[in-house]
Amino acid sequence: MVRSWEADPSASFVRRLGKSAKELDITGGRDGCPDIWELDNGDVAVIGRDLTDSYRSRLPGDASVAPDERIVILPRGTLIAAKHDIPDE
């Protein structure tokens, strides 16, 4: 299958978008996920809970998950904390 976009596995982590899980106090006292990172090619890496199996059957009609993709869930606060680091364009 030919895709218009493909993830680059050689891209490196550049900067965290938002605050760490520890700063947001959602780690239970230890560092860990969830997290959002900008990569050196401009793509974004998301660290969260893989709930693909729980959500796959409930996807909206115009959404799909390829065999090499996952549905990753983040706490709302993680995304809100990253908003100021995400450009409008």
Side-chain angles (χ1 to χ4, degrees):
M1 170 171 58
V2 177
R3 296 177 175 175
S4 60
W5 172 83
E6 192 63 54
D8 179 0
S10 68
S12 299
F13 292 91
V14 173
R15 69 183 179 116
R16 172 179 280 117
L17 302 180
K19 298 178 180 179
S20 71
K22 187 173 185 175
E23 290 175 289
L24 293 171
D25 196 28
I26 54 175
T27 65
R30 63 187 183 283
D31 249 349
C33 78
D35 222 336
I36 305 171
W37 284 82
E38 181 179 355
L39 304 177
D40 62 2
N41 65 357
D43 287 347
V44 175
V46 176
I47 302 169
R49 299 286 168 88
D50 178 358
L51 291 183
T52 305
D53 292 340
S54 298
Y55 280 92
R56 187 185 309 271
S57 66
R58 297 184 282 148
L59 283 170
D62 61 348
S64 63
V65 179
D68 63 343
E69 295 176 329
R70 300 290 174 263
I71 299 170
V72 177
I73 307 301
L74 298 175
R76 188 176 199 290
T78 299
L79 188 58
I80 290 171
K83 185 176 178 179
H84 73 278
D85 289 329
I86 301 170
D88 292 331
E89 293 184 27

| CD1/I26 to OG/S20 distance, rounded to the nearest 0.5 angstrom? | 8.5 Å
| request: Decide side-chain contact (heavy atoms from CB on, under 4.5 Å) for D8 and L39; before the verdict, give the C-alpha distance in whole Å, the side-chain angles of both, and the deciding distance to 0.1 Å. | output: CA-CA 10 Å; D8 179 0; L39 304 177; over 6 Å; no
| said: Nearest 0.5 angstrom please: T78 OG1 to I73 CD1, how far? | reply: 12.0 Å
| request: Would you kindly confirm whether L59 and V46 end up in one hydrophobic cluster when ILVMFWY residues are joined by side chain heavy atoms under 4.5 Å apart? | output: no
| said: Could you tell me if the side chain of V65 sits less than 4.5 Å from the side chain of Y55, heavy atoms only? | reply: no
| field | Heavy-atom closest pair, residues G48 and L74 | value | CA-CD2, 4.2 Å
| Straight-line distance of H84 NE2 to K19 NZ, nearest 0.5 Å | 7.5 Å
| query | So, for G77 and L24, which heavy atoms are closest and what is the spacing to 0.1 Å? | reply | O-CD1, 4.0 Å
| task | Mind checking salt bridge (Lys or Arg N to Asp or Glu O under 4.0 Å) for D50 and listing every partner two or more places apart, or none if nothing turns up? | result | R70
| Who are the side chain to side chain donor-acceptor pair (under 3.5 Å) partners of N41, not counting sequence neighbours? | D43
| task | Measure from the side-chain N and O atoms of D35 to the backbone N and O of I47, and report whether any donor-acceptor pair falls under 3.5 Å. | result | no
| Does R58 have any side chain to side chain donor-acceptor pair (under 3.5 Å) partners at least two apart in sequence or in another chain, and if so, which? | none
| query | Which value, rounded to the nearest 0.5 Å, describes the distance between K83 atom NZ and L17 atom CG? | reply | 14.5 Å
| said: I'd like to know if the side chain of D85 and the backbone of G18 have a donor-acceptor N/O pair within less than 3.5 Å. | reply: yes
| message | Minimum heavy-atom separation for A21 and P34, please, with both atom names. | response | CB-O, 3.6 Å
| query | Any link between V72 and L51 through a network of hydrophobic side chains (Ile, Leu, Val, Met, Phe, Trp, Tyr) touching at under 4.5 Å? | reply | no
| said: So for atom CG, which belongs to D88, do other residues, nucleotides or ligands contribute more than 12 heavy atoms lying within a distance under 6.0 Å? | reply: no
| Minimum heavy-atom separation for A66 to R3, with atom names? | CB-NH2, 3.5 Å
